[in-house]
Amino acid sequence: MEISQVVGTLYCTRRVAGLEHCPLRLLQDSKGKLVVATDPVGARGGNWVFTVSGSAGRLAMGDKRILTDLTIGGIIDHWDGGATAPTAPEAASPKTDTA
Amino acid sequence: MEISQVVGTLYCTRRVAGLEHCPLRLLQDSKGKLVVATDPVGARGGNWVFTVSGSAGRLAMGDKRILTDLTIGGIIDHWDGGATAPTAPEAASPKTDTA
Amino acid sequence: MEISQVVGTLYCTRRVAGLEHCPLRLLQDSKGKLVVATDPVGARGGNWVFTVSGSAGRLAMGDKRILTDLTIGGIIDHWDGGATAPTAPEAASPKTDTA
Amino acid sequence: MEISQVVGTLYCTRRVAGLEHCPLRLLQDSKGKLVVATDPVGARGGNWVFTVSGSAGRLAMGDKRILTDLTIGGIIDHWDGGATAPTAPEAASPKTDTA
Amino acid sequence: MEISQVVGTLYCTRRVAGLEHCPLRLLQDSKGKLVVATDPVGARGGNWVFTVSGSAGRLAMGDKRILTDLTIGGIIDHWDGGATAPTAPEAASPKTDTA
């Protein structure tokens, strides 16, 4: 699973049947790349989230007919870097508690 | 799901059975790389689209016998960057509304 | 699906059961990287092809017991860049018709 | 499967149903990138682990309802580089025995 | 499928149930990155091999309960670069016959 930040919403009038009624969130991953994800948790712009890809992402929507390959799996409150704190990519740093 | 632009069509006389009657669209992704996708939404050259990969992409064709690993999921009208507008890759910028 | 060029054949005496009787083609992708694919269309050295990955690639062999993750999906005759011709990676340029 | 180091834990109040009761471990891969994995083996901060991705990673949790795409497959004690010792990425070097 | 070289063996006392009795081979891919694969063909250190990923790799083990995402598919004897010999990545060059 990957860490990304929600940066906006995608508007698409013409879509495949399996994605007709899904809000599509625009995310920016740790390298600055924009990706598109479905959102079953109600994330807002600016939220740090983790994403689930592949068939797990599809199942995470709770409806197999939704044909996504990337789903927001949860909103990150914070993380605990522990004793061996990572040199976190700048883009991936919500609130880090270094114990 | 990824953001790409439609840049052309691929012509292939000899193909596997599972892709015989599918128009194959040539897309350019945000890094400038060319990829090939099936197209159930009727995108045209120049359109910005998002793509669905893997088994979700195959199911999005509405016919399991179509053996694609990348399908155009929808045509992008525009996106809303919100308060925390991304530093969008240049290649990935149709119409961006920054509220 | 990705665009590659056939550059040779791989010889392997010892293989897993699911790949025993498959010619294995050596391909070079757009970044110059060598990859290995099964070939149900009879591509020859020098041909430009597109490849199908994952379970779609396995199904494209027409025999589920063939345990490949990359299959040649078709031989590219040429492509039509259209009005918005791509800045094609040099490695990926068979015959391009710019209308 | 990939080699990573456990660097912390992710705290997420709001999650999809399929990941509600799973500790989410923060890992750093060989390129320094942070990724998130479920953990059925009880790894601790600082441990070197290998990860299993995709549907194999989901099945490795022992409960299909857990919707992960990356699972810790085991804790690395050490590895044997053999006669042809690799030029190991610095980030990926727990205890290496070069015979 | 990808080309890699076997560079060692991974020792892990604590593992998930689906990988308990599998030797885990350490491979170096064409970019020098270390990856971990299961081995149904008995490859030895120094051997050049090709690997099968995803569900095909799992099925290639001949036992669905083995939860790998990367399996050695065969040991490379040599390859035939043909008339259009590739500019092979240095790391990926066992014995190349250029006819």
Side-chain angles (χ1 to χ4, degrees), chain A residues 2 4-39 43-49 51-61 63-72 90-94, chain B residues 1-6 29-33 37-44 47-64 66 68-99:
Chain A
E2 309 251 338
S4 299
Q5 189 177 25
V6 180
V7 295
T9 297
L10 210 68
Y11 296 95
C12 303
T13 309
R14 217 181 316 167
R15 306 179 185 198
V16 294
L19 287 167
E20 261 168 3
H21 305 294
C22 294
L24 296 171
R25 306 296 278 158
L26 191 66
L27 311 183
Q28 190 168 30
D29 72 14
S30 62
K31 294 179 185 167
K33 188 183 173 183
L34 294 176
V35 293
V36 179
T38 47
D39 178 10
R44 290 185 307 173
N47 279 161
W48 287 91
V49 298
T51 53
V52 186
S53 64
S55 57
R58 192 160 78 240
L59 296 170
M61 291 302 294
D63 179 347
K64 281 188 185 180
R65 291 167 300 180
I66 297 178
L67 299 177
T68 182
D69 66 8
L70 194 71
T71 295
I72 296 176
E90 287 177 35
S93 45
Chain B
M1 293 164 287
E2 309 252 337
I3 295 172
S4 299
Q5 190 179 23
V6 180
D29 72 14
S30 62
K31 293 178 185 167
K33 188 184 173 183
T38 47
D39 177 11
V41 296
R44 291 184 306 175
N47 279 160
W48 287 92
V49 298
F50 69 90
T51 54
V52 186
S53 64
S55 56
R58 193 161 76 241
L59 296 170
M61 290 303 295
D63 180 346
K64 279 187 186 180
I66 297 178
T68 182
D69 66 8
L70 194 71
T71 294
I72 296 176
I75 300 170
I76 300 173
D77 301 327
H78 68 104
W79 68 57
D80 171 6
T84 57
T87 53
E90 286 176 36
S93 45
K95 294 177 209 151
T96 307
D97 296 347
T98 305

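Heavy-atom basis, side chains included; hydrogens, waters and symmetry copies ignored. Every value quoted in this text rests on a predicted model; they were computed, and no experiment measured them.
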Sequence neighbours excluded and cut-off under 3.5 Å, please list the side-chain donor-acceptor pairs for residues 52-59 of chain A, or say none.
{"from": "Ser53(A)", "atom 1": "OG", "to": "Asp69(D)", "atom 2": "OD2", "distance (Å)": "2.7"}
{"from": "Ser55(A)", "atom 1": "OG", "to": "Arg58(D)", "atom 2": "NH1", "distance (Å)": "3.0"}
{"from": "Arg58(A)", "atom 1": "NH1", "to": "Ser55(B)", "atom 2": "OG", "distance (Å)": "3.0"}

What is the distance from atom [atom1] of [X] to atom [atom2] of [Y], rounded to the nearest 0.5 Å?
X: Lys31(B); Y: Lys33(A); atom1: NZ; atom2: NZ; answer: 5.0 Å
X: Met1(B); Y: Leu27(A); atom1: CE; atom2: CG; answer: 9.0 Å
X: Ile76(B); Y: Arg15(A); atom1: CD1; atom2: CZ; answer: 10.5 Å

Among all residues two or more places apart in sequence or in another chain, which pass the side chain to side chain donor-acceptor pair (under 3.5 Å) test with Thr38(B)?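 Thr68(B), Thr71(B).
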
Between Thr9(A) and Trp79(B), what is the shortest heavy-atom contact and its length?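 What the structure gives for the nearest pair is O-CB, 3.2 Å.
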
Quick one: does Thr13(A)'s side chain get under 4.5 Å of Ile75(B)'s, heavy atoms only?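 Of all side-chain heavy-atom pairs linking Ile75(B) with Thr13(A), none is under 4.5 Å.
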
Checking heavy atoms, do the side chain of [X], its backbone, both or neither come under 4.5 Å from chain B?
X: Leu19(A); answer: side chain
X: Ala17(A); answer: neither
X: Leu24(A); answer: side chain

Max heavy-atom pair count under 4.5 Å with chain B, selected residue of Val36(A), Thr51(A), Val35(A):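 Most pairs with chain B among the choices: Val36(A).
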
